[in-house]
Each structure stands twice: as structure tokens, then as C-alpha cells.
Amino acid sequence: MTESGTADRTRIERYEPTAIEPRWQARWAELGLHRTNLHDASRPKFYLLTMYPYPSGDIHIGHWYVKTPTDALARFRRMHGYNVFFPIGFDAFGLPAENAAIARDIHPREWTMANIDNMRRQLRLMGATFDWDSEVVTSDPDYYRWNQWLFLRFLEAGLAYRTTAAVDWCPNDGTLAREQVEGTDRRCWRCGARVEKRDLEQWFLRTTKYADELLDFSGIDWPEPIRIMQTNWIGRSEGAEIIFSTAPDEQQAGGDELRVFTTRPDTLFGATFMVLAPEHALVEKLTHPARRAEVEAYVARAGTETEIERLSTEREKTGVALGAEAINPVNGERIPIWIADYVLSGYGTGAIMAVPAHDERDFAFARKFGLPIRRVVAAPDTADDAALESAYVAHAAGERMVNSGRFTGLPADEGGRAIVETLAADGRAKPAVTYRLRDWLISRQRYWGTPIPVIHCDVCGIVPVPDADLPVLLPETVDYRGSGENPLQRDRAFVDVACPRCGGAARRETDTMDTFMDSSWYWYRYLSPHFDGGPVDRAMVDRWNPVDQYTGGAEHAVMHLLYSRFFTKAMADVGIIGEREPFKRLFNQGQVLGIDGERMSKSRGNVQDPDELVARYGADTVRLFLMFMGPWDQGGPWNPTGIGGVHRFLNRVWTVTLEPHGRAAGDPAEVVGDVGAAGRELRIAAHRTLQAVSADYEGLRFNTMVAKLMELTNLLMRYRGTAVAGSADWDEAVRLLLLMLAPSAPHIAEELWSRRVAAAGEPWRSIHAERWPEWDAALVAARTVELPIQVNGKLRDKVELPAGLSQDEIERIVLAREKVQAALGGKAPDKVIHVGGRLVNLVIRG
RNA sequence: GCCGAAGUGGCGGAAGUGGCAGACGCGGCGGACUUAAACUCCGCUGCCCGCAAGGGCGUCAGGGUUCGAAUCCCUGCUUCGGCACCA
């Protein structure tokens with residue numbers, strides 16, 4: 001990189017980022033520029049959070065894309081006088097560590113810690129101002145201890161519970177986490193076998209308790225698409241619960257209650273059969289002996305089929321009749337009861353009234369099994385008994401109920417309400433709301449996670465581990481290899497334990513927690529990472545929350561971002577914190593893909609290593625290029641071809657700052673006529689840039705921010721070596737340029753700033769401690785405008801005018817113009833449209 | 001199938017609320033510097049016709065609203081993301 005002796009004499013020194021950047025990073029660390037005094041209440045706080053990374057081993061360009069613009073925002077806010085808290089940590093539990101452990105015979109902790117060390121080093125290369133003093137590593141007992149503590153509080157509050165649930169299960173490797181099931185045909189990640197469903201005792205958190213509150217986004221500024229995704233995921237449906245009862249026959253006394261949930265009580269007269277989920281509790285009791293073999297075979301098959309097979313919309317409906325009948329409460333009609341796997345046991349009541357005329361799924365089922373289809377709602381122009389080629393589902397204005405006894409003729413919505421009211425009098429129906437959201441299954445049969453702190457005692461049942469015994473440490477020496485069950489189960493020293501209540505022999509719970517538990521409250525822990533009296537120091541949380549700006553990927557829309565909202569509400573309800581929403585403003589940046597447009601991954605070999613780019617161009621160029629690539633929320637394929645342009649831009653910034661009087665070979669010998677006017681133009685441009693750039697930073701529009709800095713720099717380049725260079729106007733423009741650049745390209749800005757300060761004989765002060773400048777409103781206001789002139793909407797001419805002319809004056813000037821007259825063909829315009837002094841459109845007809 | 005986002009030069013992209021389409025950058029072409037190259041700098045660069053002045057056409061396609069549409073409305077196509085028998 002060293003310049004040979006042939007360099008132009010006027011060149012003082014080349015811009016060499018690799019020489020500059022480490023020096024400033026060391027200096028910032030010395031100065032504690034990154035450290036936040038969390039007790040400083042003299043300035044307004046700003047909590048800026050970026051999603052903490054999983055320590056996979058290497059920082060790749062995707063991490064830079066996510067983190068460096070956020071750092072720019074942190075620096076921008078600091079320059080506005082905020083006390084900015086910008087922490088970082090590691091999401092250190094999870095499956096990849098266990099994979100690596102098995103593949104390379106290295107302990108998950110060792111693997112994880114080595115990766116964290118490497119990632120810390122790489123993260124520092126970014127020149128980002130993370131507050132490392134607040135770092136949190138979730139696999140640290142000091143952290144997961146509080147996972148356990150929180151779990152126990154939730155358990156006490158009834159927010160955690162244990163029940164049997166169907167989990168993914170591999171015939172060779174046992175229970176799998178959801179993410180261990182691969183591909184659309186759902187195979188085990190380790191052995192490739194088909195994954196089945198199996199009922200197991202599992203721990204859950206009661207997310208459904210907060211369903212309605214989670215639907216409420218008032219008071220938080222989140223992107224609409226995320227709010228929609230969460231809303232759909234929660235899936236609130238309003239309708240009614242209706243109670244059918246089983247009919248007596250030669251086998252059954254009848255009278256068993258069959259509850260169904262429906263959003264269409266108006267179609268109750270159209271219910272021609274009922275369908276229960278194969279797992280429904282009454283299936284066994286209701287099955288007619290003659291049907292038993294077939295029913296049992298069907299239930300068994302439904303249990304082993306993969307979820308995808310079962311839920312596929314493409315698949316033809318299957319099901320079997322139980323040989324029993326139910327009584328429709330509205331008309332006493334006897335209808336057959338079936339079981340079919342298209343009815344899900346986990347939604348509603350696990351049973352439906354089937355109305356084939358008005359539900360596509362029921363329609364398909366009825367067609368296949370020859371069950372009756374009876375129309376009970378008709379559009380205005382449709383006959384009461386018009387045949388149906390497909391289910392009539394849509395609502396139409398003027399539709400009415402038909403074939404519905406005394407409700408016939410009523411509009412559907414009114415009739416539905418009336419039916420529910422009528423049945424409610426006998427306790428056979430009530431309005432009901434159902435959600436798609438399920439409780440959160442947090443049990444994982446894995447080693448590398450937080451042990452769930454309970455003990456199973458044959459006498460006392462489930463006994464929580466006393467707070468004083470926390471943390472339940474993950475044993476370090478367990479044999480985590482091998483296949484099948486959770487390795488913790490084989491560790492007798494871990495499992496065998498005395499019951500805290502009765503002192504008898506008992507077994508420790510071996511399930512560990514889903515790692516989304518760890519990430520559901522980590523930002524609270526950042527505020528007091530070593531606090532010993534609880535998971536959080538309440539005073540710090542009260543002062544610093546909510547997070548003012550959270551940035552991270554949209555892929556977490558219905559996982560991490562929903563769990564975090566749930567956790568905050570649950571923590572508030574057990575009295576740990578006061579806030580009910582964690583993140584005030586959310587921004588979802590996009591994802592950098594490989595050059596092939598695919599997700600970056602080592603196995604695809606399309607991963608861009610930022611270290612190489614940093615070695616070649618410096619961190620500032622890489623940061624700036626990532627911001628310049630496109631809108632931050634968009635992401636896109638990685639394509640490094642433009643990076644040289646950004647590097648050249650920084651070189652020009654270097655040049656205009658240090659060599660204002662230089663002229664490069666090939667520069668035109670520009671002579672500036674009016675130095676005062678040119679200087680004024682420079683000042684105006686600088687202040688307008690400042691205004692626009694400030695707004696872009698605020699709105700996280702980094703790509704246009706960089707473009708505007710480039711424009712200002714190009715203007716400076718034009719006047720370099722002329723009489724304007726070095727003037728007070730020039731100087732101000734350069735000063736503003738450096739300040740605006742500082743958050744995004746912090747090293748070069750700091751370097752050039754220090755040289756300016758030294759040249760002026762002033763004491764050094766970091767540019768990052770400077771106040772963000774204010775623009776001069778008088779300079780920003782336009783003095784003259786270039787007015788585009790349209791004729792019939794087509795651009796025909798432009799004219800430079802002083803600002804603030806009246807419409808009459810503008811019209812007079814415009815109409816006098818030769819090109820305008822030519823375009824009008826000598827005629828007078830029929831109409832003249834003025835657009836706020838910004839454009840004129842002359843309209844002629846004919 | 002349902003929900004959401006998006007389609008603009010050779011490429012990445014720019015145009016808060018309808019008002020100069022293509023800012024900025026890449027790439028390309030030409031030039032300056034150099035013995036030469038690299039580096040750097042300057043100019044041109046949506047497409048078509050024209051020596052030029054100038055004109056025509058242009059924001060996925062087709063309609064519409066408007067003095068005026070990349071932007072609003074309708075229909076369709078394509079790509080990406082989410083959900084996927086949720087009664």
C-alpha cells in the first residue's frame with residue numbers, strides 16, 4: 001500500500017485505513033467512549049439494542065450488515081447528547097454447539113467459548129461502540145440461573161405447567177426439537193429417518209393467557225408487516241361454542257356432551273354430520289363395536305403420520321365413521337359422528353359440526369363419503385335449494401338463511417346471533433372466542449441448555465428446586481455423545497437427588513429449556529449483568545426501559561419477538577418489572593444473501609469473510625458500503641463490485657480535507673469567477689446536506705445518507721485547488737462533512753478531525769464527543785428556484801426564477817418564453833396550474 | 001389456497017404527502033497524468049431518430065381516475081417472505 005516516489009508532490013499522505021483504524025480503536029477503548037454510565041441521569045437515555053448473535057464461530061458479512069448501521073445510529077444519538085446504551089452479548093446455548101461437540105469430540109462449552117472469543121475479536125474490528133462491560137453470555141450459570149428463577153416464579157403463578165403433548169420423535173434418536181426436523185418430508189437431522197409424533201410429558205408456558213393483550217400494539221412503533229404476522233399467528237376467531245349431545249342407540253345411553261366451536265352459528269341447520277379429531281377423548285367411548293377395528297387402525301395411523309402429510313391441503317380427506325350419532329340441539333336431528341385427521345385436536349374443542357354446504361373442507365369430505373349437503377344460506381338471486389358445485393362460503397349483501405326452521409329468511413349474521421341466543425337459554429350455546437396461538441412448549445431433550453429446575457418425587461410429585469439451590473448447574477462431564485435420549489438422563493449424579501420436600505429419593509428433571517427462553521429477557525440483564533439479587537435490578541429497568549430502538553431480522557417475527565413481548569408481560573405480572581412492552585420502536589433490517597442469491601452458509605461456500613475486505617479497504621469502507629448498498633430493510637444478494645466506489649469516496653474526503661489546494665493531474669484548470677458566490681454555493685450545499693442527512697439518519701435511510709455525502713464531497717472536489725478552497729466557506733463545508741460522516745465511518749472522520757484540530761492549534765477532542773451540528777435555516781431556504789414548465793403535462797422548458805414570485809408574475813414570465821410559445825402553437829392556454837411555485841403546467845385543449 | 005412485500009437503465013438503487021423519472025454508486029465509452037501500466041482525476045452514458053437544434057418512446061402488462069401517475073383505483077403476470085385443513 002505504500003506509495004512509490006513518483007507520487008505527486010502535493011500529495012501529503014495517502015489514506016491508509018489499516019494504519020489508522022487500530023490506532024483509533026485502541027484510543028476509544030482507553031477513553032471508554034463505548035462505556036455507558038447507566039447511573040447518569042443528567043442526559044436523556046437512549047437504549048439501542050441489536051439482536052445478540054449466536055456464537056457460530058465466525059462473524060460474516062451478514063453480522064456487519066446487521067450491526068454496523070446500528071452502531072452508526074448509536075454514535076448519531078450520542079452526538080445529540082443522549083446517554084446511549086448499546087450493549088452486546090451472546091445467545092450461547094443451542095444445538096450447533098452440541099452438533100460440533102459430537103462431530104469433533106469437543107465439549108460444547110469449549111466450542112462455544114472459543115467461538116465467542118473469536119467473535120469478540122471480529123466484532124471489535126467493526127469499530128462498533130458496544131458496551132462490553134455489560135456483555136451477557138447465556139450459557140454462563142450467572143445468566144441461566146435467572147432463567148431458572150424466572151421459571152419458578154412462572155410456575156408459582158400458574159404460567160408454567162406440565163402436560164402431555166405430541167412432540168417430534170425419531171425412531172433412532174428419540175425426541176427432537178422442532179429445528180432438528182429437516183425438509184418438507186420431515187426427516188431427522190442426524191439419521192435421516194422419518195420423524196413421527198409421540199405423546200410426551202412436556203413443560204409449557206401459558207402464552208395463550210396473553211393472546212388478547214399480544215394483539216394490542218398501541219403505544220409501540222413496529223413495522224406493519226410484523227404486526228400483521230403476529231396478529232395472524234395469534235389468530236383470534238369469534239364465534240360460538242355449541243353443545244351437541246350423543247344420541248342413544250342399542251350400544252349407548254347417549255347424552256354425552258360434544259362441544260364444538262364454530263364461527264358460523266348461522267349454518268347450524270346445515271350440519272349434516274360431526275367430525276372429531278382422532279385424538280378426541282370421546283372417540284373410544286363412542287365407537288360402535290362393529291367399527292372398532294377400523295377406527296383403531298385409523299387413530300393409530302393418524303398418530304404416526306407426519307404433520308406435513310396430515311396437514312397437507314393437497315391430500316384427499318380421510319376419515320371413518322364411529323357408528324354413533326349426535327343430536328343437533330337446534331332441530332333435534334340425528335347426524336352421524338365421524339373422526340378425521342383434518343380436525344385438529346389442539347384447536348377449538350377438537351370437534352366440529354360439519355356444514356358441507358358452507359365449508360370447503362366439509363364439502364370435500366361429504367363428497368368423498370357421500371354425506372348429505374344441505375344449503376342453509378342463499379345469495380339474493382339464488383333459489384333456496386339451488387344445488388352447490390362447491391361450498392358457498394363468501395358472504396354477500398342481501399344473503400338470507402334458508403331451510404332453517406323459524407330462522408329462515410333472516411340475514412345470516414342476525415340469524416346466527418338469534419340461534420346462539422335461543423340455545424343459550426337452555427345452556428346449549430354461548431358466544432366464544434378461539435385462538436390459533438398455542439402455549440409455548442419449552443421442553444427440550446437436549447444437553448446444552450438451561451436445566452428446568454424441578455424434581456420429580458414419587459411421594460410429593462413435582463417439587464420446585466428451592467431458590468437457594470439455584471442454579472441447577474449443567475454437569476460439565478456428562479457423556480453428551482451417543483444417540484437416543486437426552487444425555488442428562490444417563491448422568492446418575494445429576495438425576496439422583498433427594499426430594500427437597502420429603503428428603504426421599506427423587507429424580508431431577510432432565511429437560512432443558514428452549515433457547516428462546518434465554519433470548520426473551522436478555523436486554524433486561526444487560527442493565528445489571530452481575531446483579532445478585534434477582535434477574536434484574538428493578539431500578540435500572542425502570543430507568544432504562546423500554547428499549548428505544550431494537551434492530552434485527554424479520555425472521556423472528558412470530559418467535560423471538562412474540563416470546564419477548566409475552567415474557568415482558570409475564571415478568572410484569574409476577575412483579576419483577578413494571579413495563580408491559582419491551583421494544584418501543586422496531587426496525588427489521590433485511591438479510592444479505594450469498595452472491596448466488598441463496599442464504600449464506602458454509603456448506604454452500606457462498607460466505608463472504610469481512611476480515612479480507614477489512615484488510616484490503618478498511619472497516620470504514622466496509623461499513624459504508626453495506627449502508628450504501630440499498631435500503632437497509634431490503635437486504636439482497638452480496639455483490640462486492642461497487643465497494644471500490646465507496647472507497648474512492650473516502651479517499652476524496654481525505655483529499656479535500658488535507659489537500660484543499662492540490663490539483664490532480666487531469667483536473668481541468670478551473671477558474672472561479674466569483675469566489676464569494678461559489679463559497680456561498682458551497683455553504684448552502686453543506687447546510688442542505690446537513691438537513692437531509694439528519695433526516696436520513698433519523699429514518700434509518702443510510703443509503704441515501706451516504707449518497708448525499710458523496711454529492712457534497714463531489715462539489716468540494718470541483719472547487720479544490722481554486723480560490724474557494726481554504727476559504728471560511730470551504731472550511732465550514734469540510735467541517736460539516738466530517739461531522740456527518742463520523743457516525744458511519746468513525747475512524748477516518750476521527751483521523752481527519754484530529755488533524756484539523758491540530759492544524760488549528762486546538763487541543764484534541766474526539767469527533768464522537770462533538771455535538772451534531774445545526775443547519776442554518778436561512779441557507780437551507782431556497783433563494784432561487786428552477787421552475788419546470790409543462791405543456792399538457794409534458795416538460796417543455798425550465799426557467800430560473802427568484803423564489804416567492806406571485807402566480808401572475810410567474811405566468812407572465814413563462815408565457816413570454818420562446819419554447820413555451822412554440823409548444824403552445826401561438827394559442828393562449830385554457831388553464832394554468834401552479835404547483836406551489838415548484839412547477840407550472842399550461843393546459844390547452846384540442 | 002390465504003396473508004404480506006416488491007417489480008424503475010447493462011447492474012445496485014433514487015424520486016417524504018400525485019408534480020423535472022433515473023440522484024448516488026458500479027459497469028461501459030472517451031480524455032488527462034505516465035516511457036508504460038496501475039493508482040488518481042475530468043467528461044459522456046435510459047432507449048430510438050437526428051451532424052445538430054430538437055423530437056419520439058419510456059418505471060412488469062392491460063385498462064381507469066387526473067391538467068398531470070413510478071406513486072391512486074381495477075384486472076392480470078412475475079419474484080420474494082410468512083402461514084398453511086385453525087372450523
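Everything numeric in this text was worked out from a predicted model, so none of it was measured. Sequence lines set the chain letters: A, B, ... in the order given, protein chains first and strands last, and positions in each chain run from 1.
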Could you go over nucleotides 8-10 of chain B and give all protein N or O partners under 3.5 Å, atom names and distances?
none

- [ ] Could you tell me how the ring of A:Phe365 sits relative to the ring of A:Phe273: parallel (under 30°), tilted (30 to 60°) or perpendicular (over 60°)?
- [x] parallel
Open item on the list: Run A:Ser744 and A:Tyr697 through side-chain hydrogen bond (donor to acceptor under 3.5 Å, both in side chains) and show every step you take.
Closed with: CA-CA 10 Å; A:Ser744 301; A:Tyr697 270 117; 2.7 Å; yes
Open item on the list: Rounding to an integer number of angstrom, what distance separates B:G27 and B:A15 when you compare their P atoms?
Closed with: 23 Å
- [ ] Using whole Å, report how far CG of A:Leu344 lies from C1' of B:A87.
- [x] 9 Å
Open item on the list: Taking the P atom in each of B:U71 and B:G81, what is the distance between them to the nearest angstrom?
Closed with: 26 Å
Open item on the list: Taking the nucleotide of RNA chain B with the nearest heavy atom to each, does A:Val835 or A:Gly630 sit closer to the 5' end?
Closed with: A:Gly630
Task: Closest to the A:Lys317 side chain, choosing from B:A87, B:C20, B:C85 - done: B:C85
Open item on the list: Measuring only the P atom in each nucleotide, how far is B:G28 from B:U78? A whole number of Å is fine.
Closed with: 35 Å
TODO: Provide, to the nearest angstrom, the distance between the CD atom belonging to A:Glu598 and the P atom belonging to B:U79.
DONE: 15 Å
TODO: Compare the minimum distances between each of B:C3, B:C83, B:C26 and the side chain of A:Arg436, then state the nucleotide with the smallest one.
DONE: B:C83
- [ ] Step by step, work out the side-chain hydrogen bond (donor to acceptor under 3.5 Å, both in side chains) result for A:Trp632 and A:Gln589.
- [x] CA-CA 5 Å; A:Trp632 197 30; A:Gln589 84 278 323; 5.1 Å; no
- [ ] State which of B:G4, B:G13, B:C20 makes the closest approach to the side chain of A:Pro631.
- [x] B:G13
Task: Syn/anti state of B:G30 by chi, 90° boundary around 0 - done: anti
Open item on the list: If the cut-off is 4.0 Å, is A:Gln634 near the phosphate of B:G13, judged by side-chain N/O to OP1 or OP2?
Closed with: yes
Restricting both atoms to N or O, compile the protein contacts to nucleotides 22-24 of chain B shorter than 3.5 Å, with distance only.
from	atom 1	to	atom 2	distance (Å)
B:A23	O2'	A:Glu711	OE1	3.3
B:A23	O2'	A:Glu711	OE2	3.2

Open item on the list: Does A:Lys430, at its NZ atom, have more than 12 non-hydrogen atoms belonging to other residues, nucleotides or ligands within less than 6.0 Å?
Closed with: no
Open item on the list: Between P on B:G81 and CH2 on A:Trp233, what's the gap in Å once rounded to a whole number?
Closed with: 17 Å
Task: Identity of whatever pairs with B:C33 - Watson-Crick or G-U, under 3.5 angstrom - done: none
TODO: Taking the six-membered ring of A:Trp222 (Phe, Tyr or Trp), confirm whether the NZ or CZ of A:Arg565 is under 6.0 Å from its centre and within 45° of its axis.
DONE: yes
TODO: Give none if B:C39 has no partner; otherwise give the nucleotide forming a Watson-Crick or G-U wobble pair with it, both distances under 3.5 Å.
DONE: none
TODO: Quote, to the nearest angstrom, the C1' distance that separates B:A23 from B:U59.
DONE: 15 Å
Task: A:Lys819 side chain, from C-beta outward: closest of B:G54, B:C42, B:G13 - done: B:G54
Open item on the list: When the C1' atoms of B:G13 and B:C24 are compared, how many Å lie between them, rounded to an integer?
Closed with: 8 Å
- [ ] Could you walk me through whether A:Leu815 and A:Leu824 pass the side chain to side chain contact (heavy atoms under 4.5 Å, CB included) test, one step at a time?
- [x] CA-CA 9 Å; A:Leu815 286 173; A:Leu824 290 171; 3.8 Å; yes
Open item on the list: From CD1 of A:Ile643 over to P of B:G27, roughly how many Å is that when rounded to an integer?
Closed with: 12 Å
Task: Within-4.5 Å side-chain heavy-atom neighbours: A:Leu839 and A:Gln790 - done: yes
TODO: Please work out whether the ring planes of A:Phe516 and A:His556 are parallel, tilted or perpendicular, with thresholds of 30° and 60°.
DONE: perpendicular
Task: Other residues, nucleotides, ligands: >12 heavy atoms within 6.0 Å of A:Glu800 CD - done: yes
TODO: Rounded to whole angstrom, note down the P distance from B:C67 over to B:A61.
DONE: 24 Å
- [ ] Could you give me the CA-CA distance, side-chain angles and deciding distance for A:Thr621 and A:His647, then say whether side-chain hydrogen bond (donor to acceptor under 3.5 Å, both in side chains) is met?
- [x] CA-CA 5 Å; A:Thr621 295; A:His647 192 60; 2.9 Å; yes
TODO: Take atom CG of A:Leu437 and atom C1' of B:C83, then tell me their distance rounded to the nearest Å.
DONE: 14 Å
Task: A:Lys794, nearest nucleotide to its side chain (from B:A87, B:C57, B:G82) - done: B:C57
Task: Nearest-Å distance once atom P is located in both B:G30 and B:U35 - done: 22 Å
- [ ] Assign each of A:Ser237 and A:Glu555 to its nearest nucleotide of RNA chain B by heavy atoms, then name whichever residue's nucleotide is nearer the 5' end.
- [x] A:Glu555
Task: Pairing partner of B:U71 (Watson-Crick or G-U wobble, both distances under 3.5 Å) - done: none
TODO: For nucleotides B:G56 and B:G7, find the distance between their P atoms and express it as a whole number of Å.
DONE: 28 Å
- [ ] Let me know the distance between CD1 of A:Ile228 and C1' of B:G81, rounded to the nearest Å.
- [x] 13 Å
Atom pairs under 3.5 Å: protein N/O with N/O of nucleotides 64-71 of chain B:
from	atom 1	to	atom 2	distance (Å)
B:C67	O2	A:Asn841	ND2	2.5

Task: Spacing between A:Phe261 atom CZ and B:C85 atom P, to the nearest angstrom - done: 17 Å
Task: Whole-Å gap separating C1' (B:C42) and CG (A:Leu715) - done: 15 Å
TODO: Flag the pair A:Arg227 and A:Glu224 as a salt bridge only when some basic side-chain nitrogen lies within less than 4.0 angstrom of an acidic carboxylate oxygen.
DONE: yes
Task: Donor-acceptor contact present, side-chain A:Arg623 to main-chain A:Pro69, <3.5 Å - done: no
TODO: Hunt down the Watson-Crick or G-U wobble partner of B:C20, both distances under 3.5 Å, from any strand shown, or write none.
DONE: none
Open item on the list: Quick one, A:Glu811 with A:His834, criterion side-chain hydrogen bond (donor to acceptor under 3.5 Å, both in side chains). Give me CA distance, side-chain angles, the key distance, then yes/no.
Closed with: CA-CA 9 Å; A:Glu811 226 170 289; A:His834 293 264; 3.2 Å; yes
Task: Base-pairing assignment for B:G81 (Watson-Crick or G-U wobble, both under 3.5 Å) - done: B:C3
Open item on the list: If you compare every side-chain N and O of A:Arg701 against the phosphate oxygens of B:A14 (OP1, OP2), does one of them come in below 4.0 Å?
Closed with: no
Task: Pair A:Phe269-A:Ile419, side chain to side chain contact (heavy atoms under 4.5 Å, CB included): steps then yes or no - done: CA-CA 10 Å; A:Phe269 283 85; A:Ile419 286 178; 4.1 Å; yes
